Amino acid sequence: RSKLIDRLLEKPEYYDFWTLKLADVLRSNRKAIQEKGIHVFQRWIRDSLVQDKPFDQFVRELLVAEGNSFKNPAVNYYRVSRDPQNSVETTAQLFMGIRIQCAKCHNHPFEKWSQNDYYGLAAFFSRVKYKPGQELTEEVVYVDRAGEVTQPRTGQQMPPKFLGGKVAEVAAGGDRRLALATWLTSPENPFFAKATVNRIWFHVIGRGIIDPPDDIRDSNPPANEELLDALGKDFVANKFSIKHLVRTI
């Protein structure tokens with residue numbers, strides 16, 4: 001059985017299947033990134049899977065991506081999420097399993113997340129800017145030296161703040177996203193590994209250990225907490241290998 005699983009994990013169809021799933025989750029579509037954008041983005045995803053690129057590295061490359069959207073396909077992450085609010089909601093839901101959208105307009109009525117949490121996280125993306133590339137459908141993503149987000153209820157300019165944590169220390173003129181990517185993908189992060197293994201479990205089994213898989217909250221507990229914790233720890237111990245995780249499941 002183990003030998004059969006190993007053979008299945010080397011088949012082209014394995015890479016095709018997970019490319020489709022990840023492209024779906026990352027909202028790769030013609031309306032947002034056009035046909036050539038889809039092609040280069042999905043080729044980059046597939047190549048990452050073939051290399052068994054550690055998933056923490058994969059996510060860091062997405063979050064700090066900048067440059068030409070055809071030459072650096074990870075840039076297409078920001079072509080889909082085109083403003084700080086969209087970026088914070090997408091990043092929280094995809095990589096932490098948290099639906100933070102409610103906190104955009106008011107403190108979350110049933111969970112611990114506040115408007116300060118929402119706009120503090122959005123501040124990491126406030127300096128991401130866009131300009132046209134040389135080709136018709138090409139775009140360049142870059143990080144400006146200025147740009148802030150304002151909490152609409154208080155009028156306060158929000159510093160970049162980790163979700164449920166402290167304000168980030170970022171050098172003047174530095175890329176705030178680097179601090180976010182380091183914190184988010186850290187083995188100590190309470191959200192990242194759990195959200196990832198839960199999502200992969202969902203795609204393999206058909207239902208998340210926490211279901212829906214992108215709605216992790218205190219009032220939606222896992223069906224099997226010990227299983228989720230064990231998979232998360234194993235995922236971290238094996239350097240965030242998606243292939244290892246699928247083999248284990």
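Side chains are part of it too, since the values below use all heavy atoms of this structure and drop only hydrogens, waters and symmetry mates. Computed from a predicted structure; not experimentally measured.
Among residue pairs with one or both ends in residues 207-232, none qualify as ring-ring contact (aromatic ring centres under 6.0 Å, His included); sequence neighbours excluded. Contacts classified as ring-ring contact (aromatic ring centres under 6.0 Å, His included) and involving residues 224-249 (residues at least two apart or in different chains) are given here: F192-F240, F235-F240. Judged as a ring-ring contact (aromatic ring centres under 6.0 Å, His included), the pairs with a partner in residues 124-152 (not counting sequence neighbours) are, in order, F124-F162. The stretch residues 54-78 participates, sequence neighbours left out, in these salt bridge (charged side-chain N to carboxylate O under 4.0 Å, His left out) pairs: K53-E61, D56-R60. Within the structure, every pair that satisfies the salt bridge (charged side-chain N to carboxylate O under 4.0 Å, His left out) test and touches residues 146-163, not counting sequence neighbours, is listed here: D117-K161, R127-E148, E148-R176. Within the structure, salt bridge (charged side-chain N to carboxylate O under 4.0 Å, His left out) pairs that include any residue of residues 182-210 comprise R207-D211 (at least two apart or interchain).
Sparse packing is recorded around CD of E35, with 12 or fewer heavy atoms of other residues, nucleotides or ligands lying under 6.0 Å away. The number of heavy-atom neighbours closer than 6.0 Å to CD of Q134, taken from other residues, nucleotides and ligands shown, is 12 or below.
For the pair N76/W44, no side-chain contact is recorded, criterion being any heavy-atom separation below 4.5 Å from C-beta on. Side-chain contact between V80 and L26 is absent, with no heavy-atom pair separated by less than 4.5 Å.
Between F55 and F58, the ring center distance clears the sub-6.0 Å criterion.
Applying the side chain to side chain donor-acceptor pair (under 3.5 Å) rule to S69 yields no partners; only residues at least two apart in sequence or on another chain are considered. In this view, Y118 and E89 satisfy the side chain to side chain donor-acceptor pair (under 3.5 Å) rule, not counting sequence neighbours. With sequence neighbours excluded, the residues satisfying side chain to side chain donor-acceptor pair (under 3.5 Å) with D214 are Q93, R99. Residues passing the side-chain contact (heavy atoms from CB on, under 4.5 Å) test with I205, sequence neighbours excluded: W201, I249. Legend: residues meeting salt bridge (Lys or Arg N to Asp or Glu O under 4.0 Å) with D234, ordered by chain and number and at least two apart, are absent.
Residues F95 and L178 fall into different hydrophobic clusters, defined by Ile, Leu, Val, Met, Phe, Trp and Tyr side chains chained together at heavy-atom separations under 4.5 Å. Under the 4.5 Å side-chain heavy-atom criterion for Ile, Leu, Val, Met, Phe, Trp and Tyr, I45 and Y15 are members of the same hydrophobic cluster. Hydrophobic clustering (ILVMFWY, side-chain heavy atoms < 4.5 Å, transitive): I216 and F202 are in distinct clusters. Grouping the Ile, Leu, Val, Met, Phe, Trp and Tyr side chains by contacts below 4.5 angstrom, directly or via other members, places W183 with L62.
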Let's go through L22 and I242 carefully: what are the C-alpha distance in whole Å and the side-chain angles of both, what is the deciding distance for side chain to side chain contact (heavy atoms under 4.5 Å, CB included) to 0.1 Å, and is it a yes or a no?
CA-CA 11 Å; L22 287 175; I242 293 293; over 6 Å; no
Using the side chain to side chain contact (heavy atoms under 4.5 Å, CB included) rule, take T137 and E135 through it: C-alpha gap first, then chi angles, then the decisive distance, then the call.
CA-CA 6 Å; T137 61; E135 293 187 42; 5.5 Å; no
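Between K243 and E10, at least one side-chain nitrogen of the basic residue sits less than 4.0 Å from a carboxylate oxygen of the acidic one, meeting the salt-bridge criterion.
Between the R177 side chain and the V64 main chain, a donor and an acceptor come within less than 3.5 Å of each other. In this structure, Y119 contributes its side chain and P159 its backbone to no donor-acceptor pair below 3.5 Å. Checking side-chain atoms of N198 against main-chain N and O of G208 turns up no donor-acceptor pair under 3.5 Å.
Under a 4.5 Å side-chain heavy-atom cut-off, the cluster of Ile, Leu, Val, Met, Phe, Trp and Tyr residues that includes L8 is completed by L4.
Exactly one of R1, R7, K3 qualifies for a side chain to side chain contact (heavy atoms under 4.5 Å, CB included) with I5. That residue is R1.
Donor-acceptor pairing under 3.5 Å is recorded for the side chains of S81 and R27.
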